[in-house]
Amino acid sequence: MSSVKAGLKLEVKRGTFTFRVKRYDPKTGGYRWSEYKVEVTNRQTVLDALLKIKSTQDATLAVRYSCRMGICGSCAMIINGVPRLACETKPFELGTDVITIEPLSNFKPIKDLVVDMDEFFEKHKSVKPWLIRRDEREQFEKLDSYYVQTEEQLINYLEFAYCIKCGACYSACPMVFLNKNYLGPQALAAAYRWSADNRDEGYVLRLKVIDSDNGVWSCHYSGTCSKVCPKGADPALAINLLKKSLLTGKPPAR
Amino acid sequence: MTEKLATKRNPPKWSLWLRGLDEWLLIFQKVSGAILAIYLIGHTLVISTALGFGHPSQLTWDRVIGLIEGPRVVGVAHVGTIIEYLIALLAAVHGANGVRLILMQYFGLGLPKPERRTYPMIPSPRKSPQLVYKYLVIAVVIVFIILASYVAFVG
C-alpha cells in the first residue's frame with residue numbers, strides 16, 4: 001500500500017480562472033452575464049469553483065447539484081460550449097483561462113444555471129421505462145420465481161442502463177431544437193434499454209410511442225448525443241438499433 | 001415584479017453542431033435535399049416548356065434550352081452547365097450519404113453490438129466501422145467532383 005502511495009504524484013497546481021456565467025433572471029425574463037475570478041487547484045472541478053463563487057463572491061448564483069461525483073446527473077450545464085457535468089469537468093483540463101458556463105439549451109430556464117426538467121422527464125416516462133410483464137399477477141403478487149438473466153443477456157442493454165438522466169444529450173440534440181415534441185435521445189435510449197432486456201415483455205406497448213414522427217423518425221443521426229454523454233451511454237446507437245428493429249420487423253436482440 | 005416560469009427554452013449552442021463530421025453530413029443532407037427538391041420542380045417545368053407541353057417541336061426545344069443554357073463561360077461550359085454541375089455535386093453528397101444512412105439503419109452496417117464498456121468510453125459514431133463509412137462517403141464525393149469537373153469543363 002505504501003509503495004503505491006509513494007509512486008503517486010501529489011503535485012497540486014493552483015491557477016486563477018475567469019468564470020463567465022450566463023444567468024437567467026426570472027424577474028425580467030432575460031439573460032445576463034456575470035464574471036467571477038476564482039483560484040482553483042488542478043484537483044477541483046467546475047462545480048467546486050461555482051460553489052466557491054457562491055460562498056465567497058455572489059450568494060445569489062443558483063446552481064443545482066447533489067452528489068458531486070457524476071452519479072446523480074443534477075449539475076449538467078454547458079461548459080465552454082459543450083454540455084457536460086460540472087462535477088466531472090476540471091478547469092485545468094479545459095485548457096482555457098476564461099471558462100464560459102451556460103444553462104442547458106433546449107430546456108426552459110428557472111433561474112441562472114437551473115433548468116426545468118419536467119418536459120424531459122415526461123418524455124422519459126412516456127416510453128414506459130420499467131419492467132413490463134404479460135402476467136401482472138405473477139409479477140406483483142405471486143412472487144415465487146426469479147427472472148433469470150445471463151451475462152450475455154445483461155450486456156445487450158447494460159451500456160444504455162448507465163444513463164443518469166442528466167439531460168446533456170437532450171440539450172445537445174439539434175432535432176430536439178427543431179422539433180419540440182421529439183422524445184429526445186435519452187427517452188429513446190431508455191426505450192431500447194428496456195426493450196432489449198430479456199425479462200421485459202413490453203416492446204409492443206412501447207412501439208406506439210417509439211414508431212412515430214416524434215419518436216425515432218425525428219432522429220436524423222447527428223450523433224451529438226453520444227459525443228456529449230458523460231457516462232458513455234451512446235444513445236445514438238440505441239436509436240439506430242431501434243430504427244433497425246422497426247425497419248426489419250425484428251424486436252431488439254435480447 | 002413577480003417571478004414567473006419561462007415559456008421559451010434556452011437558445012442552442014450552434015458552435016456545438018459545426019465541429020463534427022456527422023453534424024456536417026447532416027447539414028449537407030438536409031440542405032442538399034431541400035435544394036434538389038426545389039430544382040426538381042424547376043427542371044420539370046423547363047423540360048415541359050421545352051417539349052411544348054405535349055406538342056414537341058425542334059424550334060421550341062432549341063429556343064427554350066438555348067435561353068436556359070445561356071452564354072458560354074469557360075471552355076465548353078455554359079451558365080446552365082455550371083448550374084447542372086453544382087446540382088450534380090449536391091446529388092452526389094445526398095446520394096452517397098443517403099445510401100450510407102439506409103445501409104446503416106436498415107441493415108445495421110457499422111452498428112456495433114452493445115458491449116460491456118470501460119472508461120474512456122468512445123461513442124459509436126467516433127469508432128472505426130462508422131468512421132470508415134463516413135470517410136468513404138467523402139471519398140466517393142471527391143471522385144465524383146473530379147469526374148464531373150472533367151465532363152463539364154474539359155469535354
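By convention in this document, chain letters (A, B, ...) are assigned in the order of the sequence lines, proteins followed by strands, and residues within each chain are numbered from 1.
Within the 3.5 Å criterion, the main-chain N or O of Lys243(A) finds no donor-acceptor partner in the side chain of Gln105(B). Between the side chain of Trp17(B) and the backbone N or O of Thr224(A), no donor-acceptor pair lies under 3.5 Å.
Looking at Lys127(B) and Ser226(A), their side chains never come closer than 4.5 Å, going by heavy atoms from C-beta outward.
Nearest heavy atoms, Arg19(B) versus Asn80(A): NH2-O, 4.5 Å. Minimum interatomic distance between Asn10(B) and Pro103(A) (heavy atoms only, all atoms of both residues): ND2-CB, 3.6 Å. In terms of heavy atoms, Gly108(B) sits closest to Lys244(A) at CA-CD, 3.7 Å.
Pro114(B) pairs with exactly one of Leu241(A), Leu154(A), Asp234(A) by the side-chain contact (heavy atoms from CB on, under 4.5 Å) rule, that one being Leu241(A).
Not counting sequence neighbours, the partners of Tyr147(A) by the side-chain contact (heavy atoms from CB on, under 4.5 Å) test are Leu131(A), Arg133(A), Glu138(A), Gln139(A), Arg199(A).
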(message) With side-chain contact (heavy atoms from CB on, under 4.5 Å) as the criterion, how do Arg9(B) and Glu119(A) come out once you've worked through the C-alpha distance, each side chain's angles and the decisive distance to 0.1 Å?
(response) CA-CA 11 Å; Arg9(B) 305 192 292 181; Glu119(A) 207 181 277; 4.0 Å; yes
(message) With salt bridge (Lys or Arg N to Asp or Glu O under 4.0 Å) as the criterion, how do Lys13(B) and Glu102(A) come out once you've worked through the C-alpha distance, each side chain's angles and the decisive distance to 0.1 Å?
(response) CA-CA 10 Å; Lys13(B) 285 305 287 179; Glu102(A) 290 160 75; 3.2 Å; yes
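Under the 3.5 Å distance criterion, with hydrogens and angles disregarded, no donor-acceptor pair is assigned to the side chains of Ser222(A) and Asp22(B).
With respect to Lys113(B) and Glu152(A), no salt bridge is recorded, no charged nitrogen being found less than 4.0 Å from a carboxylate O.
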